[in-house]
Amino acid sequence: MSVKERLGLTTEPLYLMDGSAFIFRAFYAMQSMQRSDGFPTNALFIVTRILLKFLKDEQPTYFGFILDGKGKNFRHETYPEYKANRSATPEPLVQQLDPIKQAVRTLGLHLEISDNCEADDCIASLAARYKKERPVIIIGADKDLKQCLDENVFMWDPGVKQEKLTTLAEFREETGLEPSQWADFQAIIGDSSDNIPGVPGIGPKTAEKIFADYPTLEAIRDNFDALAPTLQKKFADHLENMFTFRTLTTLSTAQCDSLTLDHFRIDPIDGDKTADFLREYELRALLKDVAALAPVSAKVNTPATAKPAASDKPAAKSGTGSMQLGLFDAPAAPAAAPVAGHGSHAPEHGTNGNANRTSSLKLEDVTDVSALPDCSGKRIALVPMGEMLKRPECTMPSLLDMTAEEAKPEACIINVHVEGSDREYRYSGSLTALAGYATTADTVIAPDVKALLSIKSGWRSVESSRWFDLGLAAYLLDPEDRDYSWRRLSARADEFEVAAENPAQLAFALADDFMRRLQGADLVTLMRELELPLIRVLADMEEIGIHIDGTAFTAFLTEVQRELDRLTKAIYEAAGGSFNIRSAQQLGDLLFNKLGLKPKGKTKGGQISTSQAVLEKLAGEHEVIDLILEYRTLEKLRSTYLEPMPRLADAQGRIHTTFNQLATATGRLSSSNPNLQNIPVRGQFGPRMRACFTARKGCKLVSADYSQIELRVLAHCSQDPTLLEAFRNDQDIHSSTASVLFDVPTTEVSSDQRRNAKTINFGLVYGMGPQKLAQELKISLTEAKEFIERYFSKLQQLKAFYEQVEANAKEHGYVTTLIGRRRNVPEIQSGNNQMQSQARRQAINTVIQGSAADIIKIAMLRTAQDAELKTLKARLVLQVHDELLLEVPTENAEAAARRLADIMTGVHPGGTALDVPLKVDYGIGDGWHEAH
DNA sequence: GCGAATGA
DNA sequence: TCATTCGC
């Protein structure tokens, strides 16, 4: 219901908006939003959004958008300190002032800026003048404006959180004051934003009581003797000041006298002009609001970023293959490779010579899926033109009921192209509607599918098999890159020998190129059957999150903090002074200069190392060392886990990590925001830490992890008899290795021998070099090399496998895992010995670790799709490389655990079982520690 | 060795 | 950016 209806007005009101205040509020309500050239648009967007909504809801006739006029006004003359505490207006806001003024005028609204006159005074003057003939509704929240309230003057604040309509009666009710007293009231209590101190010691509550007896400043002064002694004391020094303050808090009613009502009459909005303005500033999310007010021509326009028309440019780099040929010519495009799934055929190569046939697509803005061409059975490309917002419903507060989706307008613009169409659409309508539309497509090409699934707008209704994820494809083709964002992929178009005028068109071209290369590298099955379906599993896990025990976290943090305080004191005492213990530099200075300890090594950057290893060597030389080691441990615990985790929990106490599928060169997943894959497990505090991760009420956590999965993979790949036998007989692998290595029966392996064998086994898995091994085993480099030599002479078959991997890498330039995942290792050809060794270790490490990653990914997919686990209501919540964590209703926990272990054990990568059994340990508990 | 996070 | 430390 409109405001004028709520007030029951019969005469058309005059609306006066405190524009300056709204601009400020808008600017700070939303951080960073900008046009593609970097021009800030956050305040412009919100102000325009407010005005559009206002016009639509209120259907006003008279309206004024009032801004502060330039120059000093009477207040500065009266009181030089007036607003002296205001810092300079931020530059990004200044830049937006002119566009905002332009927006107001474009919408057909009156803009009022009177020199030497603040917006408030202008509003007060106009209100005082027009309230005699019609209602006045002041749109604003500034408390100074309350003095304008009257039988016929109202205040309305559309509000950040909640809108508020204030009438005279409500004002009286709330304050017990009359509007005419408001300036007096403010003069006493002060106003920090205007730098008016008021009378010290008098707050709103005291002031209200005083005003009940003495309704004006004059009355207070005249009855000074009658005031309570305490009040007398407070007022004594300010009896004159408060009158000065009142001249500041009193709004002038003598301004803007040349304005007539006609100035405020609203002109009809010009839909096309407004739409052009919005496009200029890339505020396309508002187009639909304009369309609701006035007709907007369905305009086919060139890109907003003033590029020359597409046809003016040479279409593609000559001589390079352009993928567009025929792609967009209806009805069929036989030369192009149909992307992903559904009977795709081998593509034709040899696209050279067609470079000039780039078909340039016309761009069209649409806000409704009904304006998009039918895509059933066709391929479509969807390219979000901004960052997608994850979980939009719990982001920032919004003005005027904005959803966060609207608040970040560029985020919900998606460029759409449908195979065979001569258009590319800039879609700014409902994402849910677009998702529904995409459901009918044969294939949906997008740069980042998980980002779409995560915004919860119905994208999960598009079957996994219909997606083509450009980032994923690029990752599978070359997992070494750090960045598979659309920004980067589109910037690399030249490198991929692909060209297109528009984003969605480019997505098509890239998809075709990637598909061709995936087929060439035999990666299509891996993508379609594992990685692509896994996206949905990861999105689900992220959304579900893991429950934490907030109370346990808090208690833990308190204890750790107390210990840290104690250690800090002890360290300062032992060190003979205070310093920043967290600073490696200051710590080094203390240890090696002030205390004269001997440095035990340097860091990569040449600084003296203060690492744990060094400190441990120094232990016993000075009492601070132990204290510092303990401090480090606790500080790590506090800063990395205890402090941040509870803050990341949602209202249900659950933490939602992000699983990155495109992060590692070997094929493993990574976790971030927060990283839940490095929660402490060992050490003094590991168990307690993990116990803080719990199942929700009525549920248990089920943890299942592969035992020695990398070494089992290694046994399978190398067929080394020592390893095969050990695993087939379910023996302790490190003891078995030690037994062979040191020529002693398994039963007589010493704990030292076992530990050495374990270290080298580990080293193999992680691609450790002799240097690292020496460090780890605390032996010399020569000894380490000899040790490795001995190891390989005892495990001949393993050695042969390593050599084979190396030869393979040298021959092809890449290595592959059990199911054909690839990693390029070009440095294996390097003349640099160091580089070559590094590449060799990477090659081997990738085969082992990558194959293990394949196995657990397959297990994850099976787990997520398993009907039995579904009926048991078991939900995957975490993956930690070789471990899966489920949350299951207590009564089903045991069954789910057994089922999960079965699934994990039964993984057959590439269709056949490994030559050694996969062993899985599992547990059940309320917390992660107990379950593990 | 890798990936993530923290703090100077 | 570097140094450090957690997990696997």
Side-chain angles (χ1 to χ4, degrees), chain A residues 479-480 482 579-589 601-616 628-645 647-648 657-686 689-690 693 705-711 713 758-773 775-776 823 825 834 837-850 852-853 855-856 878-885 928 932:
Chain A
E480 295 257 33
R482 303 291 301 159
F579 65 103
N580 188 342
I581 309 167
R582 282 160 297 201
S583 162
Q585 216 161 12
Q586 291 185 37
L587 180 61
D589 182 58
K602 295 199 171 178
T603 67
K604 270 191 219 139
Q607 293 182 49
I608 303 169
S609 172
T610 62
S611 70
Q612 191 170 352
V614 169
L615 260 44
E616 273 162 8
I628 287 165
L629 281 168
E630 200 181 341
Y631 180 94
R632 279 244 178 109
T633 308
L634 292 173
E635 173 60 17
K636 175 82 183 179
L637 211 59
R638 184 197 66 78
S639 67
T640 314
Y641 308 106
L642 296 175
E643 192 97 314
M645 292 289 172
R647 281 191 286 108
L648 293 168
T657 186
T658 299
F659 287 107
N660 196 336
Q661 202 176 358
L662 320 179
T664 73
T666 57
R668 275 184 174 182
L669 298 175
S670 81
S671 153
S672 57
N673 289 309
N675 181 354
L676 293 182
Q677 291 181 323
N678 73 342
I679 305 299
V681 60
R682 282 181 291 273
Q684 197 187 346
F685 302 104
M689 185 77 246
R690 290 219 169 182
F693 291 81
D705 64 296
Y706 283 111
S707 157
Q708 306 290 0
I709 189 167
E710 282 100 348
L711 288 174
V713 166
K758 185 177 173 179
T759 307
I760 195 166
N761 281 338
F762 246 89
L764 293 173
V765 167
Y766 293 134
M768 217 182 260
Q771 221 148 23
K772 191 83 186 172
L773 185 71
Q775 210 178 52
E776 204 72 24
R823 176 179 184 182
V825 276
Q834 179 107 35
S837 300
Q838 163 94 353
R840 188 167 48 237
R841 287 196 299 270
Q842 282 178 350
I844 288 155
N845 179 232
T846 299
V847 174
I848 304 168
Q849 205 176 87
I855 291 171
I856 193 146
L878 273 190
Q879 188 256 40
V880 191
H881 306 308
D882 63 354
E883 173 186 10
L884 294 179
L885 208 60
W928 193 1
H932 191 67

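Proteins come first, then strands; the chains are lettered A, B, ... in the order of their sequence lines, and each starts at number 1. FYI, side chains are in, hydrogens and waters are out, and symmetry mates aren't considered; it's all heavy atoms of this structure.
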Q | Start and end of chain A contact along DNA chain B [non-hydrogen atoms, under 4.0 Å] | A | B/dG1 to B/dA8
Q: Heavy atoms under 4.0 Å is the rule here; annotate nucleotides 3-8 of chain C 5' to 3' with B where the base is hit, S where only the sugar-phosphate is, and - elsewhere.
A: SSBBSB
Q. Should we say atom CD of A/Gln586 is surrounded by more than 12 heavy atoms from elsewhere, each under 6.0 Å from it?
A. yes
Q: Classify the nucleic acid contact of A/Ala665 as base, sugar-phosphate or nothing, counting any heavy atom under 4.0 Å across all strands shown.
A: sugar-phosphate
Q. Residues two or more places apart in sequence or in another chain: which of them pass salt bridge (charged side-chain N to carboxylate O under 4.0 Å, His left out) with A/Arg841?
A. none
Q) Looking at DNA chain C, which of residues 837-847 of chain A put a heavy atom within less than 4.0 Å of it? A) none
Q) Sequence neighbours excluded, which residues qualify as salt bridge (charged side-chain N to carboxylate O under 4.0 Å, His left out) partners of A/Glu616? A) none
Can I get a per-line list of side-chain donor-acceptor pairs under 3.5 Å for residues 766-773 of chain A, giving both atom names and the distance, sequence neighbours left out?
none

Q. What does A/Asn580 touch in the nucleic acid at a heavy-atom separation under 4.0 angstrom: a base, only the sugar-phosphate, or nothing?
A. sugar-phosphate
Q: Only counting residues at least two apart or in another chain, list the ones meeting ring pair (Phe, Tyr, Trp, His ring centres under 6.0 Å) with A/Tyr706.
A: none
Q.
Give me each pair satisfying salt bridge (Lys or Arg N to Asp or Glu O under 4.0 Å) with a member in residues 664-676 of chain A, each pair once, sequence neighbours excluded.
A. A/Arg668-A/Glu710
(Q) Filter on salt bridge (Lys or Arg N to Asp or Glu O under 4.0 Å), then keep only pairs touching residues 673-683 of chain A, sequence neighbours left out; what's left? (A) none
Q) Partners of A/Glu776 by salt bridge (charged side-chain N to carboxylate O under 4.0 Å, His left out), sequence neighbours excluded? A) none
(Q) Assuming nearest nucleotide by heavy-atom distance, tell me which of A/Ser672 and A/Lys772 is located more 5' along DNA chain B. (A) A/Lys772
Q: For A/Val614, enumerate each residue passing the side-chain contact (heavy atoms from CB on, under 4.5 Å) test, keeping only those at least two apart in sequence or located in another chain.
A: A/Phe592, A/Lys600, A/Ser609, A/Ser611, A/Leu618
Q.
For A/Glu635, give me all partners under salt bridge (charged side-chain N to carboxylate O under 4.0 Å, His left out), at least two apart in sequence or on another chain.
A. A/Arg582, A/Arg638
